[in-house]
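Written out below as C-alpha cells is the structure these notes cover.
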Protein chains: 2
Amino acid sequence: MVPFGKPRGERADAARNREHLLATVRAMIAEDGPEKVTMDALAERAGLGKGTVFRRFGTRAGIFRAVLDDAEHRFQEQVLYGPPPLGPGADPRERLIAYGSGRISLLRSNHAVVRAAMDRSGTPAAAVSMSPAHIRMLLRQADPPLPHSDHLALQLAAALEGPLMLYLTSEEVAGPAGESDCGRLADSWRTLVERLFNG
Amino acid sequence: MVPFGKPRGERADAARNREHLLATVRAMIAEDGPEKVTMDALAERAGLGKGTVFRRFGTRAGIFRAVLDDAEHRFQEQVLYGPPPLGPGADPRERLIAYGSGRISLLRSNHAVVRAAMDRSGTPAAAVSMSPAHIRMLLRQADPPLPHSDHLALQLAAALEGPLMLYLTSEEVAGPAGESDCGRLADSWRTLVERLFNG
DNA sequence: ACAGTAAGCGGACTTTACCCCGCTTGTGCC
DNA sequence: GGCACAAGCGGGGTAAAGTCCGCTTACTGT
C-alpha cells in the first residue's frame, strides 16, 4: 500500500485564516478598489504575517481569483443545473446566447477585480474562466456540430471576454455609460452566434 | 500667435540612445528571452542610466511595444497599401480572412514579446494593435454593412488575438506543435468570418 | 561664436511582490 | 493525555519597476 493514505486536508487554523483574509480583502476592495490592495497592507490589517498571505494565495493575482471564485461558482451552477435558456434544456444556440450575456454582465460587475486577477502574465486568464470548455461543449451539441469546434471555442471565448479584458479600459466599463456598452456587446454577441449557427 | 511655434523634435543624442537601447534589448531577447530582460540589466549593458531607459520607453512593457513596432508597421503597410487579398482591392470578406491569418502568424512569431508587451494592466493591449479599427472598417464596407459594427469589431479583434494572448500559454504556441495549432486557428477564423458575412 | 533654455541624463531612493527558513501549533495515533 | 511530525506561521531579506531631482548638453536665435 502506498504511504499516502490521506491527503490530509487543510488545517482548521489555515481555513480560518483564509476566510479572514478573504473578508479583509473584500473590505479593502470595497473601500479603495483592488489596485490599492498591497500584500503588506492586507497582512497587517488582517493581523497576520505576509508569509501567511502568500502561502494561502500564492500570488497577488491569486487573491483576486479567490475573491472571484464565489460569483464564478454561482454562475457556473446556473449554467450547469439552472433553468433554461442558461441551464440545460434549451437548444445549444439559445444557451450560448444566454451564456454570453450572463458572462458579460458577470465580468462587468466585477471588472476591476477581474483585471486585477489577471495581472502578471504567469497564469493566462483561462484559469478564471470556464468559458472555453462550456462553449466547446455547446458547439459540439449543435446539429450539425460546428467544424473546428476546439479552436472556434477558444475564439468565441475570446470574443466574449476579450473586449472587457483587452480592449476596454476601466473607465469605459464602469459608470452608467458602460452599462449600455455592455448591452450592445451582448447584442452583437447574439448576432455573432446566430449567424454562426445559421451558416 | 500662440507661443508654440514648433514642437521641437527629439534631440539627436536622445534618438541615438533610443536606437542603441533597442538594439541592446533585441540582443538580450535573442539570448535569454524577454522575461529575462530587466531594466537595470538593460541600462547597464547599454552603458546608460536607468532613468534614461524609463524616459525613453515609459515602462517595461513600453520597451517591448517599441520592439514590436517595426514588424507591426510593416504589416500595417501591407494591409493598407499592399496587394490583395490583404491590401485594398479584394472584397471585405476576403480581406478580413486574409487579415486574420496574417495577424495570427505575426502574433505567433512574436509571441513572447507580445506577451511581455502587455504586462501590467495599465495599457490595454489595444495599443499594440490596430485590429479593432481595421476590422470595423471592413465590417462597414460589407454589403450590406453588418449591424453593431463597433462592438462586433471589438469582439472579432478579440477572437483573433485573444486565443494567443489570453488562452494559449507560451509552450502551447512555441515549438512545431504550435504551428499547426495556429493553422487551425486560421481555419476556424475563416469559418467564423464566412458565416458572419453569409448570415 | 555665444548665451539662454529646455530636453536629456544618471543613479540613489522608494515601493511592492515574492522568497526563505527557523519557530510554533494543530492533528492523528497510541 | 502525550508524542511525533507535517502543516502553518512570521517577518526580515531580495529583486525589480518606477520616481525624483540636481547636473549636463544639444539646439536656437542673435
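Below, chains carry the letters A, B, ... as their sequence lines are ordered, and counting in each starts from 1.
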Self-check item: A:Arg45/A:Asp40 ion pair, N-O < 4.0 Å
Solution: no

Exercise. Identify, residue by residue, the members of residues 49-58 of chain A with a heavy atom below 4.0 Å from DNA chain C, and return them in order of residue number, or none.
Key: A:Lys50, A:Phe54

Quiz item: Between D:dG10 atom P and A:Asp40 atom CG, what is the distance in whole Å?
Solution: 14 Å

Practice problem: Nearest whole angstrom, please: distance from the P of D:dT28 to the CD of B:Glu10. | Solution: 14 Å

Which pairs of donor and acceptor atoms, one on a side chain in residues 71-85 of chain B, lie under 3.5 Å apart (sequence neighbours left out)?
unit_1, atom_1, unit_2, atom_2, d
B:Glu72, OE2, B:Arg103, NH1, 2.9
B:Glu72, OE2, B:Arg103, NH2, 3.4

Quiz item: What pairs with B:Phe57 under ring pair (Phe, Tyr, Trp, His ring centres under 6.0 Å), at least two apart in sequence or on another chain?
Solution: none

Contacts under 3.5 angstrom, residues 18-28 of chain A side chains, donor-acceptor by atom type, not counting sequence neighbours:
unit_1, atom_1, unit_2, atom_2, d
A:Arg18, NH1, A:Glu10, OE2, 3.1
A:Arg18, NH2, A:Glu10, OE1, 3.2
A:Arg18, NH2, A:Glu10, OE2, 2.9
A:Thr24, OG1, A:His20, O, 2.7

Practice problem: Take the C1' atoms of the five end pairs on each side of the helix from C:dA1-D:dT30 to C:dC30-D:dG1, derive the two axes, and give their angle rounded to 10 degrees. | Solution: 30°

Quiz item: Tell me, which of residues 13-28 of chain B have any heavy atom that sits under 4.0 Å from an atom in DNA chain C?
Solution: B:Asp13, B:Ala14, B:Asn17

Quiz item: B:Asp119 CG to D:dG18 C1': how many Å, rounded?
Solution: 14 Å

Quiz item: What do the steps show when you test A:Arg65 against A:Thr59 for side-chain contact (heavy atoms from CB on, under 4.5 Å), and what is the final call?
Solution: CA-CA 10 Å; A:Arg65 253 180 274 136; A:Thr59 72; 4.1 Å; yes

Exercise. Give the rounded distance in Å between these two atoms: CD of B:Glu44 and P of C:dG10.
Key: 13 Å

Self-check item: Considering all heavy atoms, the nearest A:Ile104-A:Leu164 contact
Solution: O-CD1, 4.0 Å

Exercise. Rounded off to whole Å, could you give me the CE-to-C1' distance for the A:Met39 and D:dG12 pair?
Key: 16 Å

Practice problem: Could you check how far CZ of B:Arg60 sits from P of D:dA17, rounded to whole Å? | Solution: 6 Å

Quiz item: Is the count of non-hydrogen atoms from other residues, nucleotides or ligands lying under 6.0 Å from A:Glu35 atom CD greater than 12?
Solution: yes

Quiz item: With a cut-off of 6.0 Å (strictly less than), are more than 12 heavy atoms of other residues, nucleotides or ligands near CZ of A:Arg190?
Solution: no

Quiz item: Do the side chain of B:Thr191 and the main chain of B:Asp187 share a donor and acceptor less than 3.5 angstrom apart?
Solution: yes

Quiz item: Taking all non-hydrogen atoms of both residues, which atom of B:Arg195 and which atom of A:Pro147 are closest, and how far apart?
Solution: NH2-CD, 3.7 Å

Quiz item: Heavy atoms under 4.0 Å, any strand shown: does B:Arg11 hit a base, just sugar-phosphate, or nothing?
Solution: base

Quiz item: Picking from C:dT16, C:dG10, D:dA17, which would you name as closest to the side chain of A:Thr38?
Solution: C:dT16

Quiz item: Taking all atoms of both residues into account, what is the closest heavy-atom pair of A:Pro34 and A:Ala116, and its distance?
Solution: CB-CB, 4.0 Å

Quiz item: In whole angstroms, how far is the C1' atom of D:dA16 from the NZ atom of B:Lys36?
Solution: 15 Å

